[in-house]
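Lettering follows sequence order; numbering is per chain, from 1.
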Amino acid sequence: MTGPATATVGGPQPAQPAADGPPPAAPVRRRRRRHRVLVPLALAAALLAGTIAAHELDQPDPGDPGFLSPVATDDDGGSRLADALRARGVTVARETDLLPALLGLDRGPATLFVPAAELLHPDTLGALGELPAGRRLVLVDPSRRVLESAGLPLVPTDRRWATRAVGPEAGGRPCAVPEATRAGVAAAGLQRYAAAPGTAAALDRCYADGLVRLPGRAEVVVIGASDPFRNDRIAEHGNEALATGLLGVHGRVVWLDLDGPAPAPTFGRPGGTGEPAWSPTPGGSTGYDGDGTGEGGPGGPGTATGDGDGSGDAPDSAGPPPPDDHPLLDAFPPWFWALLLQLALVALLIVLWRARRLGPPVTEPLPVEVRSAETVLGRARLYQRARARGPAAATLRTAALGRLRGRLDLPATLGPAEVAARVAGPAGGTPEQIHELLFGAAPQTDAELLELARSLDRLTRTVAAAPGRPTEGDPR
Amino acid sequence: MTWRAAVLLLAGVPTLPFWPDPVPAVAVMTAVVLLLTAVDWALAAPLHGLTVDREGDRSVRLGHHATVTLRLANTSGRTLRAQVRDGWVPSAGARPDVPPDRVSRVGPGGVLLLPNRLTPTRRGDRPAVTVTVRSFGPLGLAFRQRAGRPATPGWTLRVLPRFDSRRHLPEKLSRLRVIDGTQVTRGRGQGTEFDTLREYVVGDDVRSIDWRASARRSDVLVRTWRPERDRRLVCVLDTGRTSAVRVGDVPRLDAAIDAALLLTALAARAGDRVDLLAADAAIRATVTGTGRRDLLHRLVDALAPVHPALVETDFDLIVAEILRRHRRRSLVVLLTALEPGALAEGLLPVLPRLAARHRVVVAAVHDPVLTALTTAPPVRPEDAYAAAAGWRALAERDRVRAALGRYGVTVVDAPADRLAPALADTYLRLKALGQL
């Protein structure tokens, strides 16, 4: 019992240990112990949540209206880029739909700038890969789905947490894109691209794979970061030179500025210009449900896609099954699922009911437990483990001798032979036996020791019970 | 949230097939149940309108019953429906008259009395720990419950030692009266202190005749004697590690307390002054015998919360304390254990200082396990080894006894149930011999 067990009764004794320390401190300590766990966890969670929230706020969303729009002047807009292009004598044609943009390209060499390819309808993406010769297509941060739908042999690889300004020859590979080498260091290191496995496309890669040019009939430039084009960062490093160089190569830019998900294409537009209407692109897009948004559908199975919607597991070619098609769903009526849901809620209520206890458990200050004769029993076990038959026998014989001396009034000066002779009378044995018992050799086995202990016990009992002397209560 | 809310929601489950749209139906029923629960919670009697206090016994003898009543006053304007749990430490043996899972109703301004029968199983201070009130709403769907509200009124039940050796007291007192000479009036008091002269009556011991006084008067006078009175007795309880050893089912300290109580009761009746000191590494309790009327009561009260501590007893401190307090020659009764290690290293070095001024008695509880080891006929080889170890322990104890005897210390070594009368007998013998 380590608690203060103090009592002062009567008399002015000042030397008393204080007894009012622990009881009020106990709940405080318990609360503190809880805080010791909760505070660092809460701090870490707050730090993590704050960082993620700040990152989400900081990263521009390609789906926002005005994202990289030539007429938008806010931070995400592209008005400064459009002004810079015009200042270099480049014509900027803003289009808000893909079809007029493609028609605009037909009028001569031009660059098609698609800042948010995610917003295009999946059925129309195939057109991007089939531009006429002598055109250039610039895609900003396209996802795997866009690249596959457009038929471009590229895949996104790893993605950085934030954009990094790198040199065009970063990554140890010479840069074959002259606009990039002219621009120098630019903020292009965010999403990296590589050739799709199984295709042998010769790629020009710059900025540590953050910018990839795919030569062909119509060349395609894919850049992983939107930073060089945005109003807020265009003035940094060589961003402006890179952006104007990439877009202004043909003297005319067709700027596809979508302010929301594009609607599904209509086949055979009434009152159209006679241009062949959309035909379903072979391969790739029939699997998508026709809700018109490229954003809600699952992305590709890649590690990261343009706007982070990489949650789907199914490959794109097969597409995820629509929710109504699950066989298990049709097997039961809808009320069955509602019933399961309600039973789960009932279980939750039962958990809430049982979780609250009627007051905390009460602890018992346990008393000190010390078994009696603990050291004696321990010593006995030590004797046994050490096979100390000799010392044990000597102790037993000394004790028996002491008792016999007391019983028979033997003087302490008596020799062993005389003791044996005097004991033999009341004990009823020969003096030789008694002498062997009291002063013999040490036993060699446990059985011999046990036999010796029994004989000594019997001897002392016989002597104690022998008539002639009053026996006392204590048999020892 | 109670089981009723879950049952209410469960009752809605069979209706699901008949709803036109089952999933919103689940939402509707859940919302209804939650709304009812929230309303019920809001209508429950507020906890801050409750006050709790206690009344009842403050102390009880071990083995007897005590009753402590919890008074729960509802000062709020609503009817209180509550489960009340009064948490005591388990060794207090609390058995509430109203079980904690029964819901009691108290009207506005009413008072609920919750008696609690306590049958403590251990000596010492047994505290009440927490009062928890769970206030239900009128529908029984939700309850209010909060830790620390209402505040738990503190209460400590002091469980006094059993004092089983009280039954020896009448016999010892009659022997004390014999010594005193008050009962056998014809006999000569066995004391050694001169009391009075009185006229000789037939039957008086002729050896008591005071011839000088008889010569002065024309009558034969005898001297009467009485035992010394107003002697001092100091009981010292060792509460260190050796007192924690369990003899039977109780610590050795409890047997020592029992013996100290009998000795105190006897000595107080004999007119001696009794002081008490309980100590291990520090002084745990002190009682000075100034007021004789309630001495025993104060002693019991002081010893009740004393418990063994797992520390080595500081005999240096104890001896210094005795020498500081008691300058006159006293009888110092040291209730400890005859452990060779503890006594040889702790007590023997300081014993000469103590024995030079005081008469010392060492009383120790004999370990019955040791007796059993050494007297039982051995059956297995382990028994032979155990008997050897037991005899060796007894031999060491005898050596300690002999060492103590060299300083004139009387040693009382008895089993736990015999220690108190044996110590009382020693006291009476010393008193009769005038060796106090």
Side-chain angles (χ1 to χ4, degrees), chain A residues 1-3 5-11 13 15-17 333-335 337-339 341-343 345-346 349-350 352-353 356 358-360 362-365 367-377 379-381 383-384 391-393 395-396 398-399 446-447 449-450 452-454 457 475-476, chain B residues 1-3 5-6 9-10 12-13 16-17 22-23 25-26 30 83 85 87-91 100 122 129-130 132 134 145 244-247 282-288 290 298 301-302 305-310 367 369-370 374-375 377-378 381-382 384-393:
Chain A
M1 182 101 192
T2 53
T6 308
T8 312
V9 179
Q13 281 80 33
Q16 294 297 328
W335 59 261
W337 302 108
L339 189 141
L341 178 66
Q342 184 143 351
L343 284 180
L345 288 172
V346 169
L349 287 192
I350 290 175
L352 287 178
W353 162 49
R356 191 86 165 99
L358 190 57
V362 181
T363 54
E364 172 78 27
V368 174
E369 283 271 352
V370 180
R371 286 179 49 217
S372 61
E374 210 171 31
T375 49
V376 173
L377 294 175
R379 182 181 282 154
R381 283 192 293 272
Y383 275 162
Q384 190 171 12
T395 311
L396 286 175
T398 312
D446 277 358
L449 177 69
L450 180 60
L452 174 75
R454 278 184 177 160
D457 185 61
R476 121 185 127 77
Chain B
M1 205 65 76
T2 66
W3 59 271
L9 195 56
L10 192 66
V13 167
L16 273 174
V23 176
V26 172
T30 311
Q83 291 177 345
R85 175 176 167 234
W88 288 75
V89 293
S91 59
R122 276 172 59 202
V129 182
T130 46
T132 312
R134 178 175 283 190
Q145 178 187 339
V245 171
R246 309 220 132 210
V247 176
I283 309 289
R284 296 290 176 196
T286 53
V287 179
T288 49
T290 44
R298 285 196 294 131
D301 203 41
V306 171
H307 281 284
L310 277 188
D367 205 336
V369 176
L370 219 52
T374 50
T375 54
E382 295 96 283
Y385 288 112
W391 281 116
R392 185 167 161 181

**Contacting region of V26(B) [heavy-atom separation from chain A under 4.5 Å]** = both
**Message:** Is T398(A) close to chain B through its backbone or its side chain, or both, or neither, when contacts mean heavy atoms under 4.5 Å?
**Reply:** neither
**Prompt:** Hey, are R122(B) and E364(A) close enough for a salt bridge, meaning a charged N less than 4.0 Å from a carboxylate O?
**Reply:** yes
**Qualifying residues under side chain to side chain contact (heavy atoms under 4.5 Å, CB included), relative to P391(A), sequence neighbours excluded** = A388(A)
**Message:** Can you confirm whether L370(B) sits close enough to V376(A) that some side-chain heavy atom of one is under 4.5 Å from a side-chain heavy atom of the other?
**Reply:** yes
**Message:** Just so I know, are the side chains of W391(B) and L396(A) near enough to count as touching, which here means a heavy-atom distance under 4.5 Å?
**Reply:** yes
**Complete:** Whatever's closer than 4.5 Å to a heavy atom in chain B on R356(A) counts as both
**Asked** What residue in P100(B), A25(B), P17(B), G390(B) has the most heavy-atom pairs under 4.5 Å with chain A?
**Response** P17(B)
**Request:** Mind ranking G359(A), P333(A), A393(A), P334(A) by heavy-atom pairs under 4.5 Å with chain B and telling me who comes out on top?
**Result:** G359(A)
**Asked** Under 3.5 Å, side chain of R85(B) to main-chain N/O of P360(A), donor-acceptor pair present?
**Response** yes
**Complete:** Heaviest contributor of heavy-atom pairs below 4.5 Å to chain B, chosen from L352(A), L358(A), V346(A), L349(A), is L358(A)
**Complete:** Counting heavy-atom pairs under 4.5 angstrom with chain A, the leader among L9(B), V89(B), T2(B) is L9(B)
**Message:** I'd like to know which of G87(B), G12(B), P377(B) tops the heavy-atom pair count under 4.5 Å against chain A.
**Reply:** P377(B)
**Complete:** Interatomic distance, CD@Q83(B) vs CZ@R134(B), rounded to 0.5 Å, equals 5.5 Å
**Item:** Qualifying residues under salt bridge (charged side-chain N to carboxylate O under 4.0 Å, His left out), relative to R392(B), sequence neighbours excluded
**Value:** E396(B)
**Request:** Among A386(B), A384(B), A393(B), P90(B), single out the residue with the greatest number of heavy-atom pairs under 4.5 Å to chain A.
**Result:** P90(B)
**Request:** Against chain A, label T130(B) side chain, backbone, both or neither, depending on which of its atoms sit under 4.5 Å from a heavy atom there.
**Result:** side chain
**Part of L377(A) lying under 4.5 Å from any heavy atom of chain B** = side chain
**Asked** Any side-chain heavy atom of P378(B) within less than 4.5 Å of one from L450(A)?
**Response** yes
